[in-house]
Each structure stands twice: as C-alpha cells, then as structure tokens.
Amino acid sequence: MTTTTRARPAVLNLTPRAEARIAELMAKAPEGAVGVKLSTPRRGCSGLAYSVDYVTDAKPFDEAVVTPGGTLYVDGASVLYLVGSTMDWVEDDFTAGFVFDNPNAKGACGCGESFTV
C-alpha cells in the first residue's frame, strides 16, 4: 500500500498588490531585516488585530510565504486564525494599508481595526 500526500494549502494568499508592497517594504527595510511578519495580537474591541512588522529572525513555528520581493512570515500562534485568508494592499485618497479577507473571522468591530474568530 502506498501513501500519497496532498499538497499543503498556503496559510495565506497574497494578491499581486500585496506582493508588490512587501517588495517595497523590503527595499527600504532596516539592516538585518529578513522579512516582514504578520501576527494577530490581542487588541481592539473585538479581540484580535492584524499587525505587520519587520522581523530580524524567523521563529521555529512561523510559516514563511516566499514572494518575489521578500518573505512574509506568519506568526505560528496566528496561523489558525488566518488559514485561507487573502491579504491585499489597498490605497485611496485618504488611506493606505493591508486589507484582509479572512473566512475565519466571525465578526469585526465597527471601525474595522479588530476581529473575532
């Protein structure tokens, strides 16, 4: 009997605009930065928020999403909240930032800064 393993789904899908923004961030990253990291710290009205920061080293349980412009690390403790999500970069006349389409989110606060699962 042979065992076949299926391909592991990506923890996070990135749009081309999100990949381009990661490339821009990495082009002006501080010395020693190996990528940017997405985490979901506890804060805001609904409990969890999205946070993207430079990272100088990957932790053992972080998931790496390799893009042409740099690596996005997903915090190991946040993976279960983010599986199947899409990360986009959106700019308009008044704001710019990463936007998340998260199928795991069961609710969000009125201001859109935090979510609950």
Side-chain angles (χ1 to χ4, degrees):
M1 176 200 266
T2 60
T3 303
T4 27
T5 56
R6 60 186 170 144
R8 188 170 148 194
V11 67
L12 186 71
N13 300 303
L14 299 172
T15 66
R17 288 187 303 248
E19 288 184 354
R21 180 61 182 161
I22 290 170
E24 289 173 15
L25 289 170
M26 290 309 298
K28 58 184 177 184
E31 189 172 330
V34 296
V36 292
K37 185 173 186 174
L38 171 61
S39 60
T40 55
R42 295 201 176 278
R43 75 171 170 238
C45 325
S46 292
L48 298 170
Y50 301 103
S51 179
V52 180
D53 301 290
Y54 289 110
V55 64
T56 56
D57 63 337
K59 303 295 181 209
F61 294 105
D62 289 351
E63 294 281 336
V65 180
V66 179
T67 74
T71 303
L72 171 72
Y73 293 94
V74 180
D75 177 62
S78 301
V79 169
L80 291 177
Y81 305 132
L82 298 170
V83 169
S85 296
T86 299
M87 181 176 173
D88 194 8
W89 176 260
V90 176
E91 292 184 44
D92 63 26
D93 291 340
F94 301 104
T95 187
F98 287 110
V99 176
F100 298 88
D101 179 15
N102 186 342
N104 306 300
K106 301 300 180 215
C109 66
C111 64
E113 291 297 318
S114 62
F115 67 100
T116 185
V117 290

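Please read all numbers here as calculations on a predicted model, not as lab measurements. By convention here, the first residue in the shown sequence is residue 1.
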message = Suppose we screen for salt bridge (charged side-chain N to carboxylate O under 4.0 Å, His left out). Which residues come up paired with Asp101, at least two apart in sequence or across chains?
response =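 With neighbours one apart ignored, the set is empty.
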ask   = For Asp57, which residues count as a salt bridge (charged side-chain N to carboxylate O under 4.0 Å, His left out) partner, sequence neighbours excluded?
value = Lys59
query = How would you list all residue pairs meeting side chain to side chain donor-acceptor pair (under 3.5 Å) that involve residues 13-22, not counting sequence neighbours?
reply = Thr15-Asp88, Arg17-Asp88, Arg21-Glu24
For residues 65-80, which side-chain N or O atoms pair as donor and acceptor with protein atoms under 3.5 Å away, sequence neighbours left out?
from: Thr67; atom 1: OG1; to: Gly69; atom 2: N; distance (Å): 3.4
from: Thr67; atom 1: OG1; to: Gly70; atom 2: N; distance (Å): 3.2
from: Thr67; atom 1: OG1; to: Gly70; atom 2: O; distance (Å): 2.4
from: Asp75; atom 1: OD2; to: Ala77; atom 2: N; distance (Å): 3.3
from: Asp75; atom 1: OD2; to: Ser78; atom 2: N; distance (Å): 3.4
from: Asp75; atom 1: OD2; to: Ser78; atom 2: OG; distance (Å): 3.1
from: Ser78; atom 1: OG; to: Thr40; atom 2: N; distance (Å): 3.0
from: Ser78; atom 1: OG; to: Thr40; atom 2: OG1; distance (Å): 2.8

ask   = Who are the ring pair (Phe, Tyr, Trp, His ring centres under 6.0 Å) partners of Phe100, not counting sequence neighbours?
value = Tyr50
task = Quick one: list whatever passes ring pair (Phe, Tyr, Trp, His ring centres under 6.0 Å) with Phe98, sequence neighbours left out.
result =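 Residues passing ring pair (Phe, Tyr, Trp, His ring centres under 6.0 Å) with Phe98: Trp89.
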In terms of hydrophobic clustering (I, L, V, M, F, W, Y; side-chain heavy atoms under 4.5 Å; direct or indirect links), are [X] and [Y] co-clustered?
| X | Y | value |
| --- | --- | --- |
| Tyr81 | Val99 | no |
| Met87 | Val83 | yes |
| Leu14 | Val52 | yes |

message = The criterion is side chain to side chain donor-acceptor pair (under 3.5 Å); which residues satisfy it with Thr86, sequence neighbours excluded?
response =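 Thr86 satisfies side chain to side chain donor-acceptor pair (under 3.5 Å) with no other residue.
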Quick one: side chain to side chain contact (heavy atoms under 4.5 Å, CB included) partners of [X], sequence neighbours excluded?
| X | value |
| --- | --- |
| Ala29 | Met26, Ala33, Tyr54 |
| Asp93 | none |
| Pro41 | Ser39, Arg43, Ser51 |

inquiry  = Apply side chain to side chain contact (heavy atoms under 4.5 Å, CB included) to residues Lys37 and Asp53 and explain how you reach the verdict.
reply    = CA-CA 5 Å; Lys37 185 173 186 174; Asp53 301 290; 5.6 Å; no
